[in-house]
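Here's the structure we're looking at; comments come further down.
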Amino acid sequence: MTFLSFCFLKNDSVSVQVEQADAGLPPTERSSSLPVFSHDEVTKHRSLEDGVWVTYKGGVYDVTEFVPMHPGGNKILLAAGGALEPFWALYAVHDQEYVLEILSKYKVGELSAEDLKKQGEAKESDPYSSDPERHPVLRINSKKPFNAEPPPEILTESYITPHVLFFKRNHLPVPQVDPASYRLQVEGLPRGALTLSLKDLKTRFPKHTVTATLQCAGNRRSDMNQVKEVKGLNWGISAIGNAKWSGARLRDVLLAAGFGPDVAKWARHVHFEGLDKDVTGSAYGTSIPINKAMNEDGDVLLAYEMNGEDIPADHGFPVRVVVPGVVGARNVKWLGRIVVSAEESSSHWQQHDYKVFSPGTDWSKVDHTSSPAIQELPVQSAITVPADGAQIDHSDETLTVKGYAWSGGGREVVRVDVSLDGGKTWQVAQLRSGDKGQPDEPSPPPGRSWAWKLWELTAPLPPDADELEIICKAVDNGYNVQPDTIPPIWNLRGLLNNAWHRVKVKVT
Ligand SMILES: Nc1nc2c(c(=O)[nH]1)N[C@H]1C(S)=C(S)[C@@H](COP(=O)(O)O)O[C@H]1N2
Ligand SMILES: [Mo]
């Protein structure tokens, strides 16, 4: 495990609350005649060009000069324009006297008292006011509802994605659920409804743990948007994460609710409804095919733990469905109701979204009944390091390229090809199913490869090139490959972009 991932794993539940001014710093620091800056002013300084400013306990610091001197200086840039506290909480080594001394040299002002106060305040009458705190390293695509993804280079630092870094995809405010009064309804079976408390779920059914990757259908949408405008959140390449989920098997719960051979004759789908509701009172909901739900090897969970802890609020506390190998949208969070049915869910998210159409279909002619709802996902891969537009030193002898690869439906990724010359020549990357330097997780049985692989290639830097186009593409055990370009898979909602991932870097 790398140092960085170690820090993240050790600090899973980082608070982003900004502490009140004065705590910890000598009083002389506060009585300065330095100018007062607003939060908006500070956020303008988040690059080497515009200066790198950070705040710490109410002080404003210009650390531009310090960035090139700091080991892994670009990591400071993640905090640029905002508070240092949550980042220092990730890297515990910083909480030391001498670090504060270094920092004090760079002080340029005070944060306005008003903005300091605002950082702690939740606004009443806002349905999102009870949403949980999130780590500021996340790149926000939308605040309300909250949708955000981690920076790619951090995503592949750890095989198991810590929950603070795991992408968050919410359609509605996060519901606050009291675990003591929580009840799960299981309906649609001839025996009548089964009601389960959280304790029932934990004690009446065997606990099962599955390492599974979750990917949003909109992952990599921003690249599709570049080809031709699409509708949807502008996700980069990190709307994907890999976690250890634990809970009861859905199959066991349905059997306990009375699922048997007679039900199997007519049952075709299992509906899931969340406890998150829109203003009209309708809940987030979708369905999956019954065979995925009942298959002994399907590993569908009613999960109450993520990475060995209670599922965090953003990820569905206290119970979420985990449907390994299937699109994120079916992995319903804050699960309130399960219904066994002959029909698919009639919800918006099943019938009018999460469907893909021909590149020639536009909003004037789209017929949502003409395409099936997305379930299993296609083979996917992306390059997380280096970043698009990065500069590489020409005197480096080798170049290291890193990324992730995954396929839906339990199909295992068996190979990742990497090209450093725009696809003229290819080299095979090294795959792993664990943290770097650690043993791989044991291979799952065939057809149950639910987790991603991380990959890496270190190769000689091609001589005399001033720009490289780096490409990756994965192959799964069905020999499915990724399409080479986006235009043939373009669709109006920008879903399922799994074209070869390309990044351009400058050699200087
Ligand atoms: N109840 C509920 N479940 C939900 C959603 C939601 O908004 N409400 N979003 C879905 C979508 S589109 C995705 S991609 C995943 C995201 O899960 P995560 O936020 O844990 O990463 O949750 C799914 N389950
Ligand atoms: Mo999604």
Side-chain angles (χ1 to χ4, degrees), residues 127-128 131-132 134-135 138-142 144-150 155 160-177 182 184 212-221 231-236 238-245 247 271-278 282-288 300-307 309-338 345 347-350 352-356 373-375 377 380 406 408 452 493-497:
Y128 291 92
D131 266 23
R134 282 96 181 199
H135 200 277
L138 294 173
R139 296 185 177 160
I140 298 176
N141 293 319
S142 128
K144 300 174 183 184
F146 192 76
N147 288 284
E149 62 190 305
L155 178 64
I160 298 292
T161 314
H163 75 81
V164 289
L165 297 179
F166 207 97
F167 80 98
K168 296 167 206 322
R169 201 292 176 243
N170 299 340
H171 288 84
L172 296 161
V174 173
Q176 284 186 297
V177 185
Y182 170 80
L184 173 63
T213 294
L214 200 68
Q215 182 182 215
C216 181
N219 191 29
R220 303 185 56 203
R221 178 181 281 133
K231 245 193 208 162
L233 294 164
N234 213 28
W235 293 108
S238 302
I240 185 167
N242 187 48
K244 257 192 214 310
W245 309 96
H271 302 199
F272 305 119
E273 237 179 65
L275 296 166
D276 46 339
K277 298 202 163 73
D278 65 19
S282 79
Y284 182 85
T286 65
S287 64
I288 61 168
V300 181
L301 295 186
L302 305 181
Y304 42 78
E305 283 178 16
M306 177 181 191
N307 297 340
E309 290 171 22
D310 288 351
I311 296 212
D314 261 327
H315 298 287
F317 182 82
V319 177
R320 89 173 298 169
V321 190
V322 173
V323 193
V326 162
V327 65
R330 314 293 167 224
N331 292 247
V332 173
K333 306 192 273 191
W334 316 290
L335 183 66
R337 210 157 77 103
I338 299 174
S345 162
S347 88
H348 168 81
W349 294 279
Q350 193 79 16
H352 297 286
D353 203 350
Y354 301 110
K355 293 188 171 190
V356 173
I374 301 167
Q375 297 283 350
L377 287 177
Q380 177 68 290
W406 180 72
W452 68 8
R493 281 285 276 121
L495 300 171
L496 306 191
N497 177 14

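Atoms within a ligand are numbered from 1 in the order they appear, just like the ligands themselves.
Applying the 4.0 Å criterion to heavy atoms of K168 picks out, from ligand 1, the atoms 19 (O). Contact atoms of ligand 1 toward C216: 14 (S) (distance under 4.0 Å to a heavy atom of the residue). Close approach of ligand 1 to F166 (heavy-atom distance below 4.0 Å) involves ligand atoms 21 (O). In summary, the atoms of ligand 1 found under 4.0 Å from a heavy atom of Y354, numbered by their order in the structure, are 12 (S). Atoms of ligand 1 found under 4.0 Å from any heavy atom of D276 (numbered from 1 in listed order, with element): 1 (N), 2 (C), 6 (C), 7 (O), 8 (N). Interface of H171 with ligand 1, defined as ligand atoms under 4.0 Å from a residue heavy atom, comprises 5 (C), 6 (C), 7 (O), 9 (N), 12 (S). Counting the atoms of ligand 1 from 1 in the order shown, those under 4.0 Å from a heavy atom of N331 are 22 (O), 23 (C), 24 (N). Taking every non-hydrogen atom of N170 and a distance limit under 4.0 Å, the qualifying atoms of ligand 1 come out as 7 (O).
Taken from OH in Y354 to CD in Q375, the straight-line distance is 12.5 Å, to the nearest 0.5 Å. To the nearest 0.5 Å, atom CG of residue D131 and atom CD of residue Q176 are 9.0 Å apart. The distance from the CZ atom of F166 to the CE atom of M306 is 4.5 Å, given to the nearest 0.5 Å. Going from atom CG of N234 over to atom OG of S142 covers 12.0 Å, rounded to the nearest 0.5 Å. Atom-to-atom distance recorded for Q350:CD and H271:NE2 is 7.5 Å, nearest 0.5 angstrom. I140 contributes atom CD1, which lies 12.0 Å from atom CG of L233 (distance to the nearest 0.5 angstrom).
Protein heavy atom in closest approach to atom 4 (C) of ligand 1: Y284 CE2, 3.6 Å. In terms of protein heavy-atom proximity, atom 11 (C) of ligand 1 is closest to A329 CA, 3.7 Å. The single protein non-hydrogen atom nearest to atom 22 (O) of ligand 1 is R320 NH2, 3.4 Å, given as residue, atom name and distance. Remark: minimum distance from atom 23 (C) of ligand 1 to any protein heavy atom is reached at G328 O, 3.3 Å. Of all protein heavy atoms, the one closest to atom 3 (N) of ligand 1 is K333 N, 2.9 Å. Closest to atom 16 (C) of ligand 1 among all protein heavy atoms lies R169 CB, 3.7 Å.
Q215 does not count as a contact of ligand 1, since none of its heavy atoms falls under 4.0 Å from the ligand.
For Y284, the ring-ring contact (aromatic ring centres under 6.0 Å, His included) partners at least two apart in sequence or on another chain are H171, W349. For E149, the salt bridge (Lys or Arg N to Asp or Glu O under 4.0 Å) test picks out no residue, with sequence neighbours left out.
A side chain to side chain contact (heavy atoms under 4.5 Å, CB included) with W334 is found for one member of N170, V319, I311, L172 and no other, namely N170.
When the heavy-atom distances from atom 21 (O) of ligand 1 to F146, W334, F167 are ranked, the shortest goes to F167.
With N147 contributing its side chain and N141 its backbone, the two residues share no donor-acceptor pair below 3.5 Å.
Cation-pi geometry between R134 and F146 is met: under 6.0 angstrom from the ring centre, within 45 degrees of the axis.
The part of L214 lying near ligand 1 is the side chain, judged by heavy-atom distances below 4.0 Å. Of the heavy atoms in R330, none comes closer than 4.0 Å to ligand 1.
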